[in-house]
Amino acid sequence: MPELPEVEVTRRSFAQAIAGAQVTAVRMGKPLRWPLGGDGGALVGRSVSGVRRRGKYLLVDLDQGVLLVHLGMSGSLRFAQGLPPPGPHDHFDLVTTQGTLRLHDPRRFGAVVHAAGEADPVAAKLLGGLGMEPLSDDFSLDAFSRGIKASRVPIKQMLLGGKVVVGVGNIYASEVLFLSGIRPQTPSARIGPARMGRLHAAIRQVLERAVELGGSTLKDFSNADGAYGSYQAHANVYGREGAPCKVCGTPIKALRQGQRSSYFCPRCQRA
DNA sequence: CAGTGGGCCTGAGTGC
DNA sequence: TGCACTCAGGCCCACT
């Protein structure tokens, strides 16, 4: 589920509300993708100083250490007081003086990891190889272009890989390529300057727009207040196989790349 | 070394 | 109604 916009929308929905809170208890359900690291009891008494985002990770900063939260494919967070008793898919509760932060994740591809800091080997392993932040100032066309050109991997998979730029997942990769007029199968190294410029701009444009719209709710995504996103209704190609292209009317095509589906318009995306 | 594909999990949907 | 199968927003890692 959650790509960069959903994670950012989630962050914004509870960062203020949790700031300054002190952890009073931790509850864990079934194991998640990675172990918490240490005893949950070590979190009790810590206070939350803020919430940042790096790629698709949320970094819950504590007065000592940091909590890395990843939503995987099916995760979502809630932050509220008086949450109901945990259900079978609520696998982590951080109970604080200002409310409970709860991770709901049926597929359990998500994780909550407690690390001493970002430099802690456990955290560094997860955050180390990440590419540029697309919504930050370091996301220059120059660096992006160099990163992309260095590989012959199809551009769709290059974007998903996160080594050059983070946060572009399966939905937004298709949308970004549509706006840039590039086919998903195009080898990264074969993208020339004109299309590279459009691709770079489209990444920012699509992700910013998605954040404004609260992300995409395909099935069950909601932010920490329980609100749904609406970007999916604006998708040009994702999930629209056979439907007419919103620009030219040509039926949208689907294909599979590395076990993931990609969608594109054969007319608007010529090569 | 770059690149591909399996695997982690559960639930929803489809076709028989 | 039940079963077998496919697919779903991500990402690590073993293999070629």
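Values below: every heavy atom of this structure, side chains too, minus hydrogens, waters and symmetry copies. Each chain gets a letter, A, B and so on, in the order the sequences are listed, and its residues count up from 1.
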Taking NE2 from His89(A) and P from dA12(B), how many angstroms apart are they, rounded to a whole number? 8 Å
Students often mix this up, so state it plainly: with edges at 30° and 60°, are the rings of Tyr263(A) and Tyr238(A) parallel, tilted or perpendicular? perpendicular
So what does Gly169(A) hit on the nucleic acid, given a heavy-atom distance under 4.0 Å: a base, only sugar-phosphate, or nothing? sugar-phosphate
Pairwise distance CD(Glu6(A)) to OG(Ser76(A)) - rounded to 0.5 angstrom: 11.5 Å
So, does the side chain of Arg107(A) form a donor-acceptor pair with the base of dC9(B) at under 3.5 Å? yes
Has [X] got a side-chain N or O lying under 4.0 Å from the OP1 or OP2 atom of [N]?
{"X": "Tyr238(A)", "N": "dG9(C)", "value": "yes"}
{"X": "Ser74(A)", "N": "dG11(B)", "value": "no"}
{"X": "Ser151(A)", "N": "dA2(B)", "value": "no"}
{"X": "Gln259(A)", "N": "dG6(B)", "value": "yes"}

Residue met sooner reading DNA chain B from 5', once Arg108(A) and Gln157(A) are mapped to nucleotides: Gln157(A)
When you check every protein heavy atom under 4.0 Å of nucleotides 11-16 of chain C, what one-letter string (B, S, -) results, 5' to 3'? BSS---
Would you say Phe109(A) stacks on dG10(C), if stacking means ring centres under 5.5 Å apart and planes within less than 30 degrees? yes
For a side-chain contact (heavy atoms from CB on, under 4.5 Å) with Tyr231(A), tell me which candidate from Leu218(A), Val9(A), Val206(A) qualifies. Val206(A)
